[in-house]
Structures are given as C-alpha cells and as structure tokens.
Visitor: 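Below are the structure tokens for one structure; questions will follow.
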There are 2 protein chains.
Amino acid sequence: MVAGPTSAGPGKDRLRLWIRLLRASRTIEAELRERLKKEFDTTLPRFDVMAALYRSPEGMLMSDLSRFLLVSNGNVTGIVDRLVSEGLVTRARRNGDRRTSMVRLTEEGSKSFAAIAAAHEIWVGELLGNVSEDEARRLTGMLKSFRSNWEGRE
Amino acid sequence: MVAGPTSAGPGKDRLRLWIRLLRASRTIEAELRERLKKEFDTTLPRFDVMAALYRSPEGMLMSDLSRFLLVSNGNVTGIVDRLVSEGLVTRARRNGDRRTSMVRLTEEGSKSFAAIAAAHEIWVGELLGNVSEDEARRLTGMLKSFRSNWEGRE
DNA sequence: TTATAAAACTTTAAGCTTGAAATAAATTCC
DNA sequence: GGAATTTATTTCAAGCTTAAAGTTTTATAA
C-alpha cells in the first residue's frame, strides 16, 4: 500500500495522496517509536494509552480507550495489562457496574507521561520542521475533510 | 499518539497536524484492511509486497522490498514466506550471489494482484471522496516537505 | 592465501493487532 | 420474577512488527 499507482486514469490523484500520506505517517511513526524505545524504554501504544488517560484524570473505561484510540478491545486489554504491571496505571473496580473498571494513571504514571510528552512534542516539531506553523494549520484544516464522508456510517 | 496536545505553546500546530495525520491514516488504513480481508481474504502487508513486485517484473531482492516498504528485513521474510506458500510469489536462487534470491510474482499472483488493486483504487477514491482531485494534488505537494529535512540523515 | 570484515538473509523473543469466541453482568421484555 | 438480549470485557489464534542475534556467502586486505 506504500507503492504508487500501477496505471494512469481518474482517481489517481487521490490514490497518490493516500500513498504519500501513508509513507509520511509511517516514516514519522517509525522514528518516534525508535526514540521512545531508546530514550524512555517504552512503546507507542503505551504512550497512546497514557496520553488518553492523562487528559481524563477521572479515568476511562476500556471501551472508551478503544474507541478513542481507534483500536480493538482486546488490544487495549493487553496494553493496559502491561502498564498495570509496570505500576503506571490502575484498574479500579466500580460499584455501579461490575462489568467495567475505571482505568487511571498512577501518580508515577502521570509524572512519567509528562516527561515523555515533553520530549515527544519536541521530536514532532523537529520531524515536521519543514512544515511552517502556518502551513501546518492549513494542512490540518484540509485533513479535516477526510472524516465525515464515510466514517462511522453503518 | 493519537491524542491531542496536553497544553498550549509553540510547536503546537505541528503536533496537532501530526495527530490529525495519524488519525486520518489509521482510519483509512483500518477500513482498507477490513475490506481486503472481507473481499479478497488477504492482508495489507501482503498487498504491499505484491504491489511492489507488480511494478518490478524482473523481481526484487528481500532487501529491496524491505527498503522500499519501510519495514524490517525479518518482517519481509515472514510475509514472503506466506505468499510463497499461497503460490502467489516465488523465490529464485541466483547463480551470481548465493546469499540472495529474486522474489517475483507468479502468474497467479500477478492476476490476483491486478484484481485487488482495481478494487483498492476505487476504495481509496471513495474514502477520500471529500477531497477534490485538485485539492488532492495540492495536499500531495505539501506532504513532500515532510521528507528531506531529517529523513535518512545518519 | 587466509583471516577479517561486510552484506544478505533468517531466526528468535517480545510485543502489537485484529476478529471471533467466551464470560459475566446489566437490561429488557414477557 | 425469569428468560432473552445487550453490553463490557477478556481470551484466543493467527498474523504483523521490530531489534538483536545467528548463518551463510561475498568482498577486502595483510
């Protein structure tokens, strides 16, 4: 999917855009993953989960996390398991609904995330250095049109 | 990594752009993966490898594939193994350098890919339907500035 | 030569990912 | 109330992914 169109014709420009979009995000993602590993001995999925929790001090349900992060339920289970075993996150059983549990960052998890997020932001600024802040805003606006048309249609 | 900035400040616009870029590509990628599975019982990584090989009838080395697809060597080994066992691809030992082998699509693989690629292009056109062909060209141009600054610096 | 290094791959261990099946608790409907 | 359904989550099997270590072959150089 990272290869270009195999022929010419209508719709080719969108295909080309998709290829480029994918290559850009894969390249940047790979670089961030490598740095997270080297500098903080963590992974992107763990960072994602912690970022989501950092914004919700009251906690999130497993299903909230999976919906927000665009990954499957089973996937979140494994990542949270590992974060719990590392002492960065807790699962709190709830009285109201015993099927669910609230996932929260521990104090250590919160501190740890803040440090990683600061580095992460600098890295992204660096990796997207060729894009001016102004151009970044315009691109961001254009990317909004990706949603809405088909997403969440069913 | 799919969550937004956790505070305000300089560099935030690039971070926001990165989040949006990542969410867009994950959403589209997920939809394509699902359709490839449902309609053709295949996966994105296999599609990627076949797409690369389709453009190189003379064949590619394992290292060519891994460099082109931006994935690790060991990764390509596994995917090609599976494609070989499905009869879609062959590994041809070479006389010149016995460490390497040329990977090629079989005739069946080539036919199979052509059919999948046609559907794939229609899907992408559909998923990016909100982006006009003209806007697609402009976005593609802007995405070019992602490269060059830091990529392949070491 | 013939040791040494480099290159091309494969293997391995650990973790990520999905969809489907299984479990368990809550809700809905007679 | 009790059966049937829905909801929230976990478990499972298969496959993807990486970095690191191992294998085999080729190239370099003393």
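Remember, predicted model here, so these are calculated numbers, not experimental data.
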Visitor: Would you kindly give the CG-to-P distance between A:Leu36 and C:dA14, to the nearest whole Å?
Guide: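 Distance check: A:Leu36 CG to C:dA14 P gives 21 Å.
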Visitor: Hey, can you pull the donor-acceptor pairs under 3.5 Å for the side chains in residues 102-109 of chain A, sequence neighbours left out?
Guide:
from, atom 1, to, atom 2, distance (Å)
A:Arg104, NE, A:Glu58, O, 3.2
A:Arg104, NH2, A:Glu58, O, 3.3
A:Thr106, OG1, A:Gly87, O, 2.8
A:Thr106, OG1, A:Leu88, O, 3.3
A:Thr106, OG1, A:Glu108, N, 3.4
A:Thr106, OG1, A:Gly109, N, 2.9

Visitor: Does the side chain of A:Thr100 come under 3.5 Å of the side chain of A:Arg94 through a donor N or O and an acceptor N or O?
Guide: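 Distance-only check passes for A:Thr100 and A:Arg94.
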Visitor: Base, sugar-phosphate or nothing for B:Arg46? Non-hydrogen atoms, less than 4.0 Å.
Guide: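 B:Arg46: backbone/sugar contact only, no base atoms under 4.0 Å.
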Visitor: Checking all strands, does B:Val71 fall into the base, sugar-phosphate, or nothing category for heavy-atom contacts under 4.0 angstrom?
Guide: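 Result for B:Val71 = sugar-phosphate.
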Visitor: Looking for any heavy atom pair under 4.0 Å, which part of the strands does A:Asn75 touch: base, sugar-phosphate only, or nothing?
Guide: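 It contacts base atoms.
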Visitor: Rounded to whole angstroms, how far apart are CG on B:Asp64 and C1' on C:dA8?
Guide: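 Roughly 11 Å, once rounded to whole Å.
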Visitor: Is any side-chain N or O of A:Arg99 under 3.5 Å from a base N or O of D:dT7, one able to act as donor and the other as acceptor?
Guide: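 Under the 3.5 Å cut-off, the side chain and the base do form a donor-acceptor pair.
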Visitor: Could you go through the ring-ring contact (aromatic ring centres under 6.0 Å, His included) check for A:Phe40 and A:Phe47 one step at a time?
Guide: CA-CA 10 Å; A:Phe40 296 101; A:Phe47 180 78; 8.9 Å; no
Visitor: Figure out the CG/P separation between A:Leu61 and C:dA25, and round it to whole Å.
Guide: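 Checked: the CG to P distance equals 16 Å.
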Visitor: Just N and O in the side chain of A:Arg98: are any of them under 4.0 Å from OP1 or OP2 of C:dA24?
Guide: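 For C:dA24, OP1/OP2 do not have a side-chain N/O of A:Arg98 under 4.0 Å.
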Visitor: What is the separation between atom CD1 on B:Ile79 and atom C1' on C:dC9, rounded to the nearest whole Å?
Guide: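 Distance check: B:Ile79 CD1 to C:dC9 C1' gives 15 Å.
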Visitor: Send over the distance from B:Asp81 CG to D:dG15 P, rounded to a whole Å.
Guide: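 Nearest whole value for this atom pair: 12 Å.
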Visitor: Looking at every strand, decide which applies to B:Thr100 at a 4.0 Å heavy-atom threshold: base, sugar-phosphate, or nothing.
Guide: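 Counting heavy atoms under 4.0 Å across all strands, the contact made by B:Thr100 is with sugar-phosphate only.
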Visitor: Quick one: B:Arg33 CZ to C:dA20 C1', roughly how many Å, whole number?
Guide: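 In whole Å, C:dA20 C1' lies 15 Å from B:Arg33 CZ.
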Visitor: Can you tell me if the side-chain N/O atoms of A:Ser63 get under 4.0 Å from OP1 or OP2 in D:dT9?
Guide: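 Yes, A:Ser63 has a side-chain N/O under 4.0 Å of OP1/OP2 on D:dT9.
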Visitor: Does some side-chain heavy atom of A:Asp134 sit less than 4.5 Å from a side-chain heavy atom of A:Arg137?
Guide: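 Side-chain contact under 4.5 Å: yes.
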Visitor: Taking CZ from A:Arg26 and C1' from C:dT17, how many angstroms apart are they, rounded to a whole number?
Guide: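 Checked: the CZ to C1' distance equals 14 Å.
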Visitor: For A:Pro45 and for B:Gly78, locate the closest nucleotide of DNA chain C by heavy-atom distance; then report the residue assigned to the nucleotide nearer the 5' terminus.
Guide: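 By nearest-heavy-atom nucleotide position, the 5'-most residue is B:Gly78.
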Visitor: Quick one: B:Met62 CE to C:dA7 C1', roughly how many Å, whole number?
Guide: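 These atoms are roughly 15 Å apart.
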Visitor: Quick one: is A:Arg91 getting a side-chain N or O under 4.0 Å of the D:dT10 phosphate, OP1 or OP2?
Guide: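 Yes, within the criterion.
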Visitor: So what does B:Asn73 hit on the nucleic acid, given a heavy-atom distance under 4.0 Å: a base, only sugar-phosphate, or nothing?
Guide: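 The answer is base, as B:Asn73 lies within the cut-off (heavy atoms under 4.0 Å) of a base atom.
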Visitor: Are the charged groups of A:Asp81 and A:Arg91 less than 4.0 angstrom apart, N to O?
Guide: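 Yes, charged N to carboxylate O under 4.0 Å.
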Visitor: Find which nucleotide of DNA chain D each of A:Thr77 and A:Ala30 is nearest to by heavy atoms, and output the residue with the more 5' nucleotide.
Guide: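 The residue mapped nearer the 5' terminus is A:Thr77.
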